[in-house]
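Shown next, in structure tokens, is the structure this report addresses.
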Amino acid sequence: MVNMLSAMDASASATGQAPPEPVFDVDEIQGNVLPGFMKPRMAVIALEFGDLASARRWLGELVPRVTTMSQTMASRLKVRQERLARGVSAGSTEAAQTLDDAWLNVSLSYTSIANLRGGGDASKFEDEAFRTGLADRSSLLGDPTDPSAEGNPANWLFGGPGKAADALVVLGADRQRTLQRLFDEVVEEALAAHLSVLYGEVGGKLDKLGHEHFGFQDGVSQPGVRGLLPGEPPSYLTPRTVDPSAVPETWLYGLPGQYLVWPGAFVFGYPTPGADPLLAAPAAIPGPAWAKNGSYAVYRRLRQDVAGFRAFAEEQAASLQDQGLAGMTGDLLQTHVVGRWPSGAPLSRTPDADDPDLGADPLCNNHFEFAADTPLLPLTGGHDDPYPRAKADPVGLTCPLAAHIRKVNTRDVGNDQGGRRASFQRRLLRRGLPYGPPFPKTGPDPAHGDRGLMFLSYQASIVDQFEFLNTTWMGDPVAPRSPSGHDLLVGQNGEPGAERQRTCVIVKPTVIGTVVAEQDVVIPTGGGYFFTPSISALRDVLAATPASD
Amino acid sequence: MLPQFDPPGFLSDFNAQMLQQWSTAVSGWIDGNIAIVQAELAPGDQPQFYNESRTETPGEPLDQVIGWSGFPGTFRDRWGRQMALDLADNLMPLTQRMDGPGSYFVGELWGNIFYRPQDEYCEWRVTRDDQGRITRVTFTSEPPEYWQALHGDTLPDMSGTPRYPFAGDKQLLLELYREYVDPQVQLADLECQQDLVDHSDPANPQVIYPKGSYNPYNRWNTTGGIMHLTHPANSLSAEINLGALASVQRTANGRTVIDPEALISGAAYGGLNRCSDPTIGSTVNELAALGAFVTLRNPVGLAMHHLSLEGFRTPGGEPVDSSFFTVLRGQPEQGLIEHAVFAVPAGEGYTVSDLTIGGIPITHGGQIAEHIVVNIVGRAAGLGHFANTPVACAASSYQDDWQGNWLTYAQAGEAPSPVSRPAFAYPPATPGTAAPPVAPAPNTVRSLDELAARATPKPPSLLAGTHRHLTRNA
């Protein structure tokens, strides 16, 4: 039995105390869901079942190798200790030097769960996207509907018609050799169990900081997940860094600017976000009872056209200059499209030039809001924030409303769904890493353009989180706020008749410039919707022969 | 300065005289709200909400489209999506509210007068064939005041006193209803056949709509068709009031209120759980916080900005294009759609029910409304002109324990329900008084199963009554 601290009993904000948080069942939750592998190397293997008996046997044999939250946290604590010993600051993205972990998680599609359960209770999964599958939801995400287009499911490497994966195995490791060894073992065992390998990909960080192929640090803004790790006393999963004298900010943030989100937004069976971010809503299990401690996984293989992105930026920067935005360059436009400089430094805090120190400082690089001037917060541990503060920017005069970071996280401002609650209820736990070699600075491209992101996210609702962000915000010309336009980084325009053209506006005090993107530079080339069950659900429910068989 | 206010969506039915009368009414509502704001402000402070036809502002104005989902957040947050879809397609009697207990009007006759409970300034009506298949879904964002004006009624000022007379054109009113709703419409069908009297205060009954005046809840706009908005909160004057009240900076316990939900909770300028009101209010408030003059851009009114057809597919798997969504009134190129119909083009041989969105068949009109963005435009000018003293919040809200997304206004400072907690009630902003994060107390430990059992949403008692009174909107 898992103990939880009820968030129902206290109105923490009114009593002047931090809200009580639930204790995680750390031996049940798979480790890439929480706290996330966060390893420099990553691989994905998509599998199709043969006969069900073999599939169940394969799954049962795999369960002891599935890395738990507990195991992942133990390793992370070692990293923290090593960093402390080496004098590297807390939250540094630098990998630990002594680790050689190789981790494994597994997720299953709706169809495979229904088959493994003999029909049974799979239909209790309430998420219609999960039940329908990614290929049939593809056009809703804005993917090309032209069957000849690269991004159409018909042309995906896997996940399209007739190529849907039953299982997705995700690997994370510190070292390439160890990762490859585990990858080969998993493939070998799957083949031996009469499974087919539809797709396999090995990737990893391009550098220590974690830049993606377009050249920007990725994953800077992850939601902070509320909840406690068991122990005497229990400790927060997400460290708190704002001094307790700053109320309510000390209760709202992990790292400054990192909103704390009730874990039910990501994992079944835990308190979910309410309208007031400090008041949890009841825990929910929107699926069969055994889905407790599970989470939906979305995998998208996204090819990034680096040359295309840069050419677009140069061409449109020239156009913006013609429209009166003097000083606009290709690099600066890229920064406006992202909302951050390549280092990860937010445009809101440093509007005129990149600041690599700010970009690399996790205590400061996410500390900005939009509705009003962002206050300086007292930090624990004697840390300070020496960088310029973000000014109020509700209209997007500094960071455009169409910038990717504003399209997917509206922070403290209202949006088309109402108030701020979306900033807690629409978030994703992003676990993806790049695949393919970096784009060459000179000479021929060894990858022939095939590089991109192994996008992987975990959430409690595919409809309300992953799909919402793609369809309702990134792909819409007005939402979540305007004057904006489409998200020109990742967003797609699947509107019939629009020919996939995307537009946005760059608003400055005296000029409004229009940016037009004629071609997609992020193209889906595979993927699927999955569920990542708890350890006991894998072992006792899904790998077991159902009574009806 | 603006020469005169135009009708919503630049609708073109008014003659020159009525256009002037409309402008006078809108200007009067704005002025009335400026007076309301003035009464709230500290002595010496001036309202930032302004009348574009009377006030010259410095510099070029800055416009901000404020958009929101056409599907009611009130339904979604109260009952979850599936039940919300079921409920939202239906009519409700005016004696029942969907945002909590109580009644819009009191009196036996109101129990037989219906409205569409869709409260995002976007209402729709589902038309089905004999087999129950959806053949069309008609959407409107037109305010009732426009149609009262066409009838030649006198519209009230912000105090409720009849003040703005209209010449009207009853023949045109009838022609429009016959064109957009049904050729059988008769003028008498559109008018009140008796005084519609509200008995909320038994000692002082109020005539809401006098005999012979235009009846916004007439059968061709409710049980038999759709012409304009019917939800009592979906009025133009309510929208102006919201914009005006939101221009005031507010504090709670010594802190400036920024959080959109906390702001609407403290200012009480609209529906707490709507998609529209919290974002309209907070967006206006953010502009006002920059010290700007703020207002709602001409034409003052609500409109649908667009319908996104991404993911809509025909039975043959082809994308559904714009030929399925016909804009009948308004200016779609400006994001000012006032009246539109979603239907399968003639001759295709299938119905709306045969279409899918993301692979899911369309069974409710609300599935389409989920893909509509409704909007108004906020306008700011003269940034830095004002430095008004913030006003302390007078209202507050509670969060429901069962449905954590559900907020309810406190009643005289008291909890609206025993299963609710004060929301956004942070301790006073006195440095050093906050307690540090606390370790969980043993007596707060509960089992997951117990919590999960408690978590199962229980439809409130209101719902049981709701079902009794639902009227199929087709």
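Keep in mind that the numbers below use all heavy atoms, side chains included, and drop hydrogens, waters and symmetry copies. To find a chain, count down the sequence lines: A is the first, B the second, and so on, and within it residues start at 1.
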Under 3.5 Å donor-acceptor, [X] side chain and [Y] backbone:
X	Y	result
A:D416	B:G67	no
B:E286	A:A372	no
B:Q399	A:A275	yes

With chain A as the partner, which of [options] has the greatest number of non-hydrogen pairs under 4.5 Å?
options	result
B:L290, B:D277, B:V377, B:D259	B:D259
B:G59, B:A289, B:S308, B:S322	B:S308
B:Q82, B:R274, B:H306	B:H306
B:E370, B:R76, B:E60	B:R76
B:G378, B:G271, B:P278, B:G311	B:G311

Where does [X] contact chain A at under 4.5 Å (heavy atoms): side chain, backbone, both or neither?
X	value
B:L62	side chain
B:S282	side chain
B:L309	both

Is chain B contacted by the side chain of [X], its backbone, both, or neither, given a heavy-atom distance below 4.5 Å?
X	answer
A:T132	side chain
A:I512	neither
A:Q425	side chain

Q | Salt-bridge contact A:R421-B:D77 (side-chain N to carboxylate O under 4.0 Å) | A |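 Looking at B:D77 together with A:R421, the answer is yes, because their closest N to O distance falls below 4.0 Å.
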Q. So, B:R81 and A:E128, do they make that salt bridge, N to O below 4.0 Å?
A.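 Judged by the 4.0 Å cut-off on N to carboxylate O distance, B:R81 and A:E128 do form a salt bridge.
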Q) Should we count NZ of A:K391 as having more than 12 external heavy atoms under 6.0 Å? A)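 Atom NZ in A:K391 is not crowded, with 12 or fewer foreign heavy atoms closer than 6.0 Å.
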As an exercise: rank [options] by heavy-atom pairs under 4.5 Å with chain B and give me the winner.
options	answer
A:A135, A:P480, A:A371, A:P248	A:P248
A:P394, A:A289, A:P509	A:P394
A:Q492, A:Q417, A:E467	A:Q417
A:G418, A:G414, A:G133	A:G418
A:R420, A:R131, A:E126, A:R137	A:R420

Q.
Pair B:T356, A:D136 - check side chain to side chain contact (heavy atoms under 4.5 Å, CB included), show working.
A. CA-CA 10 Å; B:T356 58; A:D136 285 339; over 6 Å; no
Q) What heavy-atom pair brings B:Y426 and A:L278 nearest, and what distance separates the two atoms? A)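 Closest approach of B:Y426 to A:L278: CE2-CD1, 3.3 Å.
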Q | Closest approach of B:P260 to A:G419 (non-hydrogen atoms, all atoms of both residues) | A |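 Residues B:P260 and A:G419, closest heavy atoms: CB-CA, 3.6 Å.
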Could you check whether any side-chain heavy atom of [X] comes within less than 4.5 Å of a side-chain heavy atom of [Y], counting everything from C-beta outward?
X	Y	value
A:N415	B:W68	no
B:F324	A:P496	no
B:D401	A:P282	no
B:Y398	A:L279	no

Spacing of [X] atom [atom1] and [Y] atom [atom2] [to the nearest 0.5 Å]:
X	Y	atom1	atom2	value
B:D63	A:S482	CG	OG	12.0 Å
A:T471	B:H371	OG1	NE2	7.5 Å
A:T272	B:N405	OG1	CG	7.5 Å

Q.
By the definition side chain to side chain contact (heavy atoms under 4.5 Å, CB included), identify the one residue from B:E310, B:E318, B:R313 that meets it with A:T145.
A.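 Answer after filtering B:E310, B:E318, B:R313: B:R313.
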Q: Carefully, step by step, assess B:N375 and A:V478 under the rule side chain to side chain contact (heavy atoms under 4.5 Å, CB included).
A: CA-CA 9 Å; B:N375 79 132; A:V478 172; 5.7 Å; no
(Q) B:N285: which residues meet the side chain to side chain donor-acceptor pair (under 3.5 Å) condition with it, sequence neighbours left out? (A)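 For B:N285 there are no side chain to side chain donor-acceptor pair (under 3.5 Å) partners, ignoring immediate neighbours.
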